[in-house]
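Step one of this worksheet: look at the structure below.
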Amino acid sequence: MNVGSQSERDRRREKRVRLSLGIRVLAFDEARGRFIEDTQTILVSPSGSLIGLKHQIFPADTIRIINLENMEEADFRVVGPSIVSETEVAEWGVECTHLGRSIWGAQYNEVLRSQGQQLEVELECKACHQKTVRLTSLLEMEVLEATGMVAFECSVCRKATYWTYADAGRRPKAFTTAEAVAPPPRVVPIRHKVERRSRKRVRLKMPAQVLNARGEQEICNTEDMSKDGAAIALAMELSEGDVVRIFYPYIPDGTNIEQKAVVRWKDPHPSDGRRYYGFRFVR
């Protein structure tokens with residue numbers, strides 16, 4: 001596969017920083033499935049990272065990454081796979097959705113900022129075939145080099161689609177995702193669609209205390225909240241339909257808002273001793 005000139009490959013190699021950092025990956029997507037996985041970075045760049053991941057994700061998805069060394073966190077867009085085996089994706093390229101933000105630590109930021117040069121590449125949408133010249137980041141070039149395509153929003157298709165080199169001579173003979181032109185659509189259960197239309201959820205980390213009917217209590221943080229509910233990760237074991245009391249924003253020995261809530265859903269795959277719960281406030 002012809003992936004560009006030798007000078008382009010040399011420039012990309014100079015910008016790579018091989019760095020293994022412990023990270024925690026969280027997915028909140030109702031359609032794709034929620035999960036928590038502890039893993040490591042493979043390389044980092046000013047805008048993102050290559051990460052190893054066992055759970056299934058898709059290009060254009062959004063995940064949250066926590067750097068376990070300094071507990072900095074941010075949301076990242078999945079650019080695409082970098083290494084694909086016959087059975088699974090081994091590495092993914094992800095980019096921070098917050099422009100100019102880095103969670104890797106002050107000791108790395110100066111080095112990474114000096115390596116933040118981008119490359120212009122002419123790309124073509126696999127769905128509608130429009131062409132555009134795009135400034136590609138290090139992670140996008142890593143994914144293009146490995147798989148021949150990246151995912152981002154198409155102004156014509158009005159959704160995230162796969163893009164490949166406009167120059168047919170630079171494309172791979174076969175794409176890793178067969179002949180797909182876009183990431184698979186999200187399929188959200190009807191009850192979630194109805195809830196999402198009727199109330200807007202906001203990602204919000206707020207200290208909270210959860211007290212169940214057995215008198216067990218746990219101090220935690222909310223993951224997102226709306227006027228009518230919240231999502232919270234807990235070590236506490238609950239079942240759908242259980243009623244709890246939530247105190248927020250929790251301040252020890254302070255005045256806290258008390259809210260009764262019922263468990264509407266629970267993550268079937270706990271990780272790191274915690275499980276995600278969706279609560280609906282009861283008035």
Determine the minimum heavy-atom distance between Glu218 and Met236, stating which atoms define it.
OE1-N, 2.9 Å
Between CD of Glu95 and CG of Asp75, what distance do you get to the nearest 0.5 Å?
14.0 Å
Glu73/Arg64 ion pair, N-O < 4.0 Å
yes
Are Val25 and Phe35 close enough that some pair of their side-chain heavy atoms sits under 4.5 Å apart?
yes
I want to check something: taking the side chain as every heavy atom from C-beta on, are Val181 and Thr161 in contact at a cut-off of under 4.5 Å?
no
When you compare the side chain of Phe152 with that of Arg134, does any pair of heavy atoms fall below 4.5 Å?
yes
Taking the hydrophobic residues Ile, Leu, Val, Met, Phe, Trp and Tyr, and joining any pair whose side-chain heavy atoms are under 4.5 Å apart, which ones share a cluster with Phe247?
Leu211
Closest non-hydrogen atom pair, Ala230 against Phe281:
CB-CZ, 4.2 Å
For Leu123 and Thr136, the nearest pair of non-hydrogen atoms, with its separation, is CD1-CG2, 4.4 Å
Ser49 side chain vs Leu43 backbone, donor-acceptor pair below 3.5 Å
yes
Rounded to the nearest 0.5 Å, the CD1 atom of Ile63 sits from the CG atom of Leu26 at a distance of 9.0 Å
In this structure, which one of Gln259, Glu258, Gln209 forms a side-chain hydrogen bond (donor to acceptor under 3.5 Å, both in side chains) with Arg245?
Glu258
Using modelled atom types only, decide if a donor and an acceptor are shared between the side chain of Arg171 and the backbone of Tyr165 within a distance under 3.5 Å.
yes
Between the main-chain N or O of Leu53 and the side-chain N or O of Thr39, is there a donor-acceptor pair closer than 3.5 Å?
no
Is Lys205 salt-bridged to Glu223, cutoff N-O under 4.0 Å?
yes
Within the structure provided, determine whether Tyr276 and Ile232 are in side-chain contact (heavy-atom separation under 4.5 Å).
no
Are Glu237 and Lys266 side-chain neighbours, meaning at least one heavy-atom pair lies under 4.5 Å?
yes
Interatomic spacing from SG in Cys128 to CZ in Arg158 - rounded to 0.5 Å
11.5 Å
Exam field: side chain Lys126 to backbone Ala180, donor-acceptor pair closer than 3.5 Å:
yes
Side-chain touch Ile246/Thr222, heavy atoms, less than 4.5 angstrom:
no
Electrostatic pair Arg77-Glu140, nearest N-O below 4.0 angstrom
yes
For the residue pair Leu144 and Arg170, establish whether any side-chain heavy-atom pair is separated by less than 4.5 Å.
no
Side-chain contact test, heavy atoms from C-beta onward, threshold under 4.5 Å: evaluate it for Tyr277 versus Val210 and give yes or no.
no
Verify, without hydrogens or angle tests, whether Asn70 (side chain) and Ile103 (backbone) share a donor-acceptor contact under 3.5 angstrom.
yes
Rounded distance [0.5 Å steps], CZ in Phe76 versus NE2 in His98
8.0 Å
